[in-house]
Amino acid sequence: MKANYLDELNEQQREAVIHINGPLMIVAGAGSGKTKVLTTRIAHLMRNGVDAFNILSLTFTNKAAREMKERVEKILGSSEARNLYIGTFHSVFARLLRAEAHRLGYPNDFTIYDTDDAKSVLKTIINELNLDDKHYKPTFVYNRISAAKNSLMGPDEYQLDHLVQQEDMRANRPLIGKIYDMYAKRTFKNGAMDFDDLLFKMYILLKSFPEVLHKYQHKFRYIMIDEYQDTNPAQYEIIKLLGAVNENICVVGDDAQSIYSFRGATIQNILQFEKDYDDVRVVKLEQNYRSTKSILNVANEVIAHNKGQIEKNLWTDNTEGDTIKLVRTMTDNEEGKFVADTISEQKLRNHYDNRDFVILYRTNAQSRSFEESLRRKAIPYRIYGGVSFYQRKEIKDFVAYLRVVMNTRDEESLKRIINYPVRGIGKTTIEKTLVLSNEHNITMWEVLERAREFGFKGGTVEAIEAFVIMIKSFQALLSTHNAYDVSVAVGKSTNIVKELFNDKTTEGLARYENVQELLNSIKEFTETPDEEGELLDKSMGSYLQQITLLTDADQGDDKDSNVVKLMTIHAAKGLEFPVVFTVGLEETLFPSGMSINTREELEEERRLFYVAITRAKSRLWLTHANSRYRFGNLVQNEPSRFLEEMPEKYIDRSYAGGGSVRNAFGGGSTSNWGGNNMFDRMQKKTPPAQQPTQAAKPTFSPATNHVPSADFAADDPAEMVVGMQVEHQKFGFGTIASLEGAANNRIALIVFPKGGGEKKIMLNYAKLKIVR
DNA sequence: GATCCCGTTGTTTTT
DNA sequence: CAACGGGATC
């Protein structure tokens with residue numbers, strides 16, 4: 001054990017670490033050494049006689065959990081840390097539920113449904129109710145149910161709650177409560193829990209079984225929660241229950257970084273923590289060790305635009321550093337090119353490696369232009385997020401076998417594989433099976449097991465019996481072989497591997513490789529040696545649980561891969577990089593057009609921006625494009641309002657008008673707009689063309705200089721017809737030349753005499769005022 | 001039962 | 001501009 005571990009802390013950090021008993025709230029500003037405090041505190045607890053078995057630590061990602069364990073071990077110099085209970089809310093509760101599920105009537109090897117599985121079940125139910133799944137969109141219904149569960153509202157409460165019912169009525173979807181009810185029953189029948197159930201059922205478990213609650217209250221005497229600002233009411237209540245006896249609850253968070261309200265998180269949890277317990281000790285970590293003064297000052301000033309925060313003053317001893325560069329390009333492609341060029345230059349000029357750069361964006365869809373430009377310059381990169389490996393069809397199919405082997409109640413997975421690969425169990429048979437299972441109130445699997453008894457005949461019954469025997473043979477294998485061997489057997493007996501191997505198309509090849517990769521991952525999982533006697537759960541059930549609960553941040557962070565990283569700002573939370581590009585800073589994109597309707601939404605967008613800025617250690621670029629493709633159309637975007645909230649002092653706006661500068665120089669061709677030109681201008685600080693008005697807001701001049709009428713207000717697009725005179729905010733007055741597209745996606749061709757000629761305008765997107 | 005073509009649809013953010 | 005789903009077709 002390092003004797004001097006306390007010496008490495010500043011005063012506030014030490015105060016947080018040595019507080020052992022009683023509720024503690026650590027308000028940890030960005031880059032203030034939060035992880036260090038958390039890990040040191042755990043080590044300190046253990047050094048002061050607290051048994052590792054009695055410590056529960058909840059994190060946001062599995063990766064954070066792993067790191068935390070490693071760091072505690074390092075401080076302690078022993079492997080006692082392996083006994084700590086560290087993990088994400090979801091994975092920890094999944095593990096506890098796997099031990100207790102029988103009490104709730106679930107199999108201990110219950111399946112965990114990911115979002116796709118859940119939506120698929122919902123779609124089935126919606127169709128069963130003869131509802132239109134275009135009106136009752138599974139995604140919409142899923143979100144409603146998810147929100148309900150995250151506020152601990154079951155189907156009955158949902159249907160009895162006036163406010164909720166009113167909302168559904170107003171949305172013209174009064175039957176969501178009914179769907180919720182059926183969905184809950186169906187997933188239960190399937191022996192499956194969705195993500196939200198892992199919290200919701202955990203709560204139910206603790207509430208309904210006092211002996212269970214007592215057991216875990218006694219076990220988890222010390223509870224630590226990271227990223228507390230992103231917890232939702234369900235998590236809040238569970239923590240409250242678990243911590244009620246000892247009240248040794250330590251929460252760590254930063255209200256300025258609360259960015260998950262769309263997932264039910266409520267910032268109130270952290271704002272109210274002091275009122276939840278008596279004698280809450282509050283420690284504020286206000287020294288930032290990560291960023292330059294310039295970066296931190298910009299961040300502080302931006303976040304100051306939000307109301308009602310926990311008061312704190314984040315400061316740093318670091319150097320002032322470079323100014324923050326603000327860059328405007330004409331298009332999204334040029335934005336991509338600019339970033340790639342700048343990365344090349346910075347590598348040469350400041351000796352950075354690829355791994356020092358990150359490109360942060362608001363939406364996953366924005367990655368495209370950066371991928372292209374990086375590929376063109378042969379800069380290796382890696383995208384985090386997007387479609388996960390485990391969401392690919394061939395992987396889901398294979399995993400469905402494993403799920404059925406573990407839990408035959410899982411109808412969703414069963415339906416997926418019952419005739420894949422084709423084995424003569426067709427649509428009619430499946431329908432019949434489902435009807436029988438409903439009639440007799442048994443699972444689909446039981447119907448299959450008793451197929452002959454239920455009157456299936458000829459080839460069908462043979463096919464079914466062969467299938468049942470096959471699955472049972474896998475189950476038998478499970479008791480003598482490990483997860484990997486069983487998986488290989490599945491691949492062989494089902495012919496899936498062979499079939500994919502024989503498919504020589506490019507996609508077929510990719511699918512084959514993906515399945516091989518899956519098998520490899522199972523192998524790795526089963527064969528990773530137990531670390532110093534640590535008993536890891538190597539069962540198939542544990543594997544399946546792990547892969548569905550993987551977070552984006554968890555995907556292979558090959559420490560040695562020297563590549564530029566691309567990710568959403570959400571995915572970047574908790575990370576830091578020497579050089580950060582935050583891109584797409586435009587109105588309707590960042591802040592998102594979906595989140596500008598209430599103060600709360602806008603403030604969350606601003607916090608997101610704050611998170612983006614504070615990821616940077618030494619250099620920060622902020623970029624935006626004049627126009628970009630969205631929904632297949634070129635749209636013009638105003639620069640983000642957040643850009644106006646930054647203090648001039650630390651900002652270098654000299655490239656703000658990249659496009660205009662280029663025009664001023666007369667170089668019209670994009671292709672010769674090389675990075676070197678850009679770089680040269682940067683070094684020489686050549687004043688851009690519109691320098692004289694720099695002090696004002698030169699960047700924010702609209703594409704044309706139309707000033708909207710005083711009474712400008714958007715009219716209903718439905719009323720617009722050909723020949724009508726309209727006014728556009730930017731393009732001025734024009735005439736509708738033609739209209740196309742369906743009722744709610746009409747596209748008008750409008751002639752703007754002063755605003756640049758013909759424009760195609762999406763009516764439900766652009767704001768147009770009818771003149772006559 | 002598979003494949004192809006067409007139209008529709010969607011872009012916040014994720015455990 | 002994708003990607004996905006539904007329907008028609010073989």
Side-chain angles (χ1 to χ4, degrees), chain A residues 58-64 87-94 112-116 118-120 123 133-134 137-140 142-143 146 149-150 193-200 227 230-232 234-235 258-265 332 360-369 384-388 390-391 393 419-428 503 505 545-555 567-573 584 588-596 601 604-605 607-609 611-612 628-635 741-745 762 764-765:
Chain A
L58 297 167
T59 62
F60 202 67
T61 63
N62 298 298
K63 187 180 155 199
T88 63
F89 275 92
H90 292 267
S91 62
V92 166
F93 294 167
I112 299 172
Y113 280 169
D114 65 21
T115 312
D116 290 338
K119 284 180 188 168
S120 163
K123 194 174 174 191
D133 59 25
K134 283 191 183 108
K137 289 191 185 127
T139 305
F140 183 84
Y142 176 80
N143 288 333
S146 173
K149 284 186 191 165
N150 283 325
M193 296 197 200
D194 64 21
F195 288 141
D196 304 310
D197 282 330
L198 295 176
L199 308 179
F200 185 50
E227 309 281 13
D230 286 321
T231 52
N232 63 37
Q235 291 163 327
S258 160
I259 54 173
Y260 279 101
S261 73
F262 68 91
R263 213 166 73 190
D332 44 356
L360 301 179
Y361 35 74
R362 179 71 236 275
T363 66
N364 282 306
Q366 283 165 262
S367 66
R368 203 212 76 244
S369 63
Y384 289 74
V387 193
S388 139
Y390 297 99
Q391 280 169 15
K393 187 186 171 295
N419 202 30
Y420 168 80
V422 184
R423 57 171 63 87
I425 307 179
K427 215 163 136 192
T428 347
D503 183 351
T505 61
Q545 172 192 311
Q546 189 207 278
I547 62 171
T548 26
L549 294 180
L550 278 182
T551 68
D552 264 345
D554 294 325
Q555 47 176 298
M567 63 183 84
T568 63
I569 300 165
H570 281 89
K573 191 162 90 154
T588 74
L589 187 58
F590 192 13
S592 160
M594 323 282 309
S595 310
I596 47 175
E601 286 173 350
E604 178 147 325
E605 293 289 304
R607 289 193 293 268
L608 199 52
F609 185 44
V611 169
R628 69 172 64 238
Y629 277 94
R630 264 180 114 182
F631 290 97
N633 312 56
L634 195 63
V635 295
N744 53 1
N745 187 31
M762 285 176 89
N764 54 351
Y765 193 86

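All values below were derived from every heavy atom in this structure, side-chain atoms included, with hydrogens, water molecules and symmetry-related copies excluded. Here the structure is a predicted model, which is why all the values come from computation and not from measurement.
- Residue contacts for A:F590: at a heavy-atom cut-off of 4.0 Å it reaches no nucleic acid atom on any strand shown.
- Between the CG atom of A:D230 and the P atom of B:dT15 there is a distance of 12 Å, rounded to whole Å.
- Salt bridge status for A:K149 with A:D194: present, with a side-chain N to carboxylate O gap under 4.0 Å.
- Atom P of nucleotide B:dT12 and atom CD of A:E605 are separated by 11 Å, given to the nearest angstrom.
- A:D133 contributes no side-chain N or O that, together with a main-chain N or O of A:K137, makes up a donor-acceptor pair within less than 3.5 Å.
- Nucleic acid contact class of A:K137 (heavy atoms, under 4.0 Å, all strands): sugar-phosphate only.
- To the nearest angstrom, C1' of C:dC4 lies 12 Å from CG of A:D116.
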Item to check | From CA spacing to verdict: side chain to side chain contact (heavy atoms under 4.5 Å, CB included), A:L589, A:Q366 | outcome: CA-CA 10 Å; A:L589 187 58; A:Q366 283 165 262; 3.5 Å; yes
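- Rounded to whole Å, atom P of B:dT15 lies 8 Å from atom CZ of A:F195.
- Stacking here means ring centres nearer than 5.5 Å and ring planes tilted less than 30 degrees, and by that measure A:F89 does not stack onto B:dT15.
- Closest to the side chain of A:V422, out of B:dT12, B:dG1, B:dT13, is B:dG1.
- A:N364 has its CG atom 18 Å from the P atom of B:dG10, to the nearest Å.
- Residue-level contact check: A:F262 touches the bases, meaning some heavy atom is under 4.0 Å from a base atom.
- For A:K123, a side-chain nitrogen or oxygen approaches OP1 or OP2 of C:dG6 to under 4.0 Å.
- A sub-4.0 Å separation between OP1 or OP2 of B:dG1 and a side-chain N or O of A:N419 is present.
- The closest side-chain heavy-atom distance from A:L360 to A:T568 is not below 4.5 Å.
- Atoms CD (A:Q366) and P (C:dC1) sit 18 Å apart, rounded to a whole Å.
- Closest to the A:F631 side chain, of the nucleotides B:dG10, B:dT12, B:dT14, is B:dG10.
- Between the C1' atoms of B:dT12 and C:dG5, the separation comes to 23 Å (whole Å).
- Counting heavy atoms from C-beta on, the side chains of A:E601 and A:I596 never come closer than 4.5 Å.
- Comparing A:T568 and A:R423 by the nucleotide of DNA chain B whose heavy atom lies nearest to each, the residue mapping closer to the 5' end is A:R423.
- Within the 4.0 angstrom heavy-atom criterion, no nucleotide atom of any strand lies near A:S91.
- Figure legend: A:K119 and A:F195 shown without cation-pi pairing, the cationic atom not lying both under 6.0 angstrom from the six-membered ring centre and within 45 degrees of its axis.
- Look at CG on A:L199: it is 18 Å from P on B:dT14, rounded to the nearest Å.
- Residue-to-nucleotide proximity on DNA chain B shows that, of A:K134 and A:Y142, the 5′-proximal contact is made by A:K134.
- Going from atom NZ of A:K427 over to atom P of C:dG6 covers 11 Å, rounded to whole Å.
- A donor-acceptor contact under 3.5 Å links the side chain of A:R362 to the base of B:dT13.
- At a threshold of 4.0 angstrom between heavy atoms, the contacts of A:T548 with the nucleic acid are absent.
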